[in-house]
Amino acid sequence: TFMIAPPMEHIWSALQGQAPVDGARGPDTLDSGAWSTVNTAHMPGALRIGDVAAACGVSRDALRYYERQGLLARPRRTAGGFREYDATTIDRVRFIRQAQAQGLSIKEIRELTSYQAEPGRARCRRVHDLLARKLEELDERRRELDAFTASLRNYKTMCERTLTGNAEAECPVVENLVKPAVERRRR
């Protein structure tokens, strides 16, 4: 079994004899997601896959998938073939989940985590480029959503005009959507 402990920053600060870090967190931040962590001080040895899965709120299959995708290092194996993880895996999985929640793909997360071995400015340049590409993608999706929103507003206005008019009229939106399909079948 495991216990939920304070955020990892507090644990590391305490271990180093420093005051706890109380940085503000919000849904738009992208960090290790260490809202809480597993206190493994009372547990001998490493964590098994079920321990990590339960601590992170993911399935065992999700952990295996992250491993296959290169997001998690291949864990040690016991003589019986069981995976053994260290406590840092929990922070890594939480980071992966938070990055996914922020809209990053598995490929982008793998790319982002691969920069850990690079020196400061080079790493920063690569992260900057990845984020710039993501912003371009989001801007394009926003333009598409704005166009779709305008179409829906137009359809809604058409419906409102019909609803305030003749009670026997057909819905103009359905008529407009069905009409092109009927015309295509006639050709």
Side-chain angles (χ1 to χ4, degrees), residues 1-15 21 23-145 148:
T1 63
F2 49 87
M3 299 170 43
I4 300 300
M8 192 58 117
E9 290 87 353
H10 296 279
I11 295 169
W12 294 131
S13 297
L15 289 174
V21 176
R25 290 189 193 271
D28 58 343
T29 62
L30 187 62
D31 61 19
S32 67
W35 290 94
S36 60
T37 188
V38 171
N39 180 351
T40 59
H42 69 286
M43 294 190 306
L47 300 169
R48 296 279 174 96
I49 193 167
D51 298 327
V52 175
C56 297
V58 299
S59 68
R60 292 171 181 173
D61 287 337
L63 293 174
R64 292 181 194 109
Y65 175 74
Y66 293 156
E67 186 182 322
R68 285 191 310 272
Q69 294 302 312
L71 299 176
L72 291 178
R74 296 217 180 263
R76 293 182 311 266
R77 297 283 185 139
T78 65
F82 293 103
R83 288 172 169 83
E84 288 188 326
Y85 298 94
D86 62 30
T88 62
T89 303
I90 293 168
D91 288 332
R92 180 71 169 231
V93 172
R94 288 186 175 142
F95 171 79
I96 293 166
R97 296 209 44 219
Q98 186 177 14
Q100 286 179 302
Q102 299 298 328
L104 295 178
S105 68
I106 293 292
K107 179 182 175 191
E108 291 164 332
I109 297 167
R110 182 176 39 250
E111 185 178 344
L112 188 59
T113 58
S114 74
Y115 303 147
Q116 288 178 320
E118 294 186 22
R121 289 183 67 86
R123 177 185 345 181
C124 191
R125 170 58 56 196
R126 304 265 308 238
V127 170
H128 173 272
D129 293 346
L130 181 143
L131 296 176
R133 284 192 314 270
K134 190 64 177 182
L135 285 170
E136 287 175 20
E137 176 188 314
L138 291 173
D139 286 341
E140 177 59 29
R141 281 201 302 193
R142 183 176 295 123
R143 284 189 290 275
E144 292 170 359
L145 282 172
F148 183 61

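What you are looking at is a predicted structure, and each value in this text was computed from that prediction instead of being measured. Throughout, numbering of the chain's residues begins at 1 and tracks the sequence.
- What you find for Ile90 and Ala55 is that their closest heavy atoms are CD1-CB, 4.0 Å.
- Across all non-hydrogen atoms, the minimal contact from Ile49 to Tyr85 is CA-CE1, 3.7 Å.
- Between the CG atom of Leu71 and the CZ atom of Arg97 there is a distance of 13.5 Å, given to the nearest 0.5 Å.
- Annotation for Glu67 and Ala73: closest pair CG-O, 4.4 Å, computed over non-hydrogen atoms.
- Atoms CD and OG1, on Glu84 and Thr89 in that order, are 11.0 Å from each other to the nearest 0.5 Å.
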Exercise for review: Output, in order, the C-alpha distance, side-chain angles, deciding distance and verdict of side chain to side chain donor-acceptor pair (under 3.5 Å) for Asp61 and Ser59.
Suggested key: CA-CA 5 Å; Asp61 287 337; Ser59 68; 5.1 Å; no

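- For Arg60, the CZ atom counts as loosely surrounded, since its 6.0 Å shell holds 12 or fewer non-hydrogen atoms of other residues, nucleotides or ligands.
- Side-chain atoms of Arg110 come within 3.5 Å of backbone N or O of Gln69 as a donor-acceptor pair.
- Under the 3.5 Å distance criterion, the side-chain polar atoms of Arg76 are left unmatched by any main-chain donor or acceptor of Ala46.
- Between Arg133 and Glu111, at least one side-chain nitrogen of the basic residue sits less than 4.0 Å from a carboxylate oxygen of the acidic one, meeting the salt-bridge criterion.
- The two residues Leu63 and Ala53 have their closest heavy-atom pair at CD1-N, 3.6 Å.
- Residue-environment remark: CZ (Arg121) stays at or below the threshold of 12 foreign heavy atoms within 6.0 Å.
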Check your understanding: Could you go step by step and tell me if Glu144 and Arg141 meet the salt bridge (charged side-chain N to carboxylate O under 4.0 Å, His left out) rule?
Key -> CA-CA 5 Å; Glu144 292 170 359; Arg141 281 201 302 193; over 6 Å; no

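- Nearest heavy atom pair, residue Leu130 against residue Glu108, reads CD1-O, 3.6 Å.
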Exercise for review: Step by step, work out the side-chain contact (heavy atoms from CB on, under 4.5 Å) result for Leu104 and Leu112.
Suggested key: CA-CA 10 Å; Leu104 295 178; Leu112 188 59; 4.2 Å; yes

Exercise for review: Evaluate the side-chain contact (heavy atoms from CB on, under 4.5 Å) criterion for residues Ile96 and Thr113: first the C-alpha distance (whole Å), next the side-chain angles of each, then the deciding distance (0.1 Å), finally the verdict.
Suggested key: CA-CA 9 Å; Ile96 293 166; Thr113 58; 5.6 Å; no

**Study point:** Worked verdict on Arg48 versus Arg83 for side-chain contact (heavy atoms from CB on, under 4.5 Å)
**Key:** CA-CA 6 Å; Arg48 296 279 174 96; Arg83 288 172 169 83; over 6 Å; no

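- Atom OH of Tyr115 is surrounded by more than 12 heavy atoms from other residues, nucleotides or ligands within 6.0 Å.
- No donor-acceptor pair closer than 3.5 Å links the side chain of Asp129 to the backbone N or O of Arg126.
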Exercise for review: Could you walk me through whether Glu137 and Lys134 pass the salt bridge (charged side-chain N to carboxylate O under 4.0 Å, His left out) test, one step at a time?
Suggested key: CA-CA 5 Å; Glu137 176 188 314; Lys134 190 64 177 182; 3.2 Å; yes

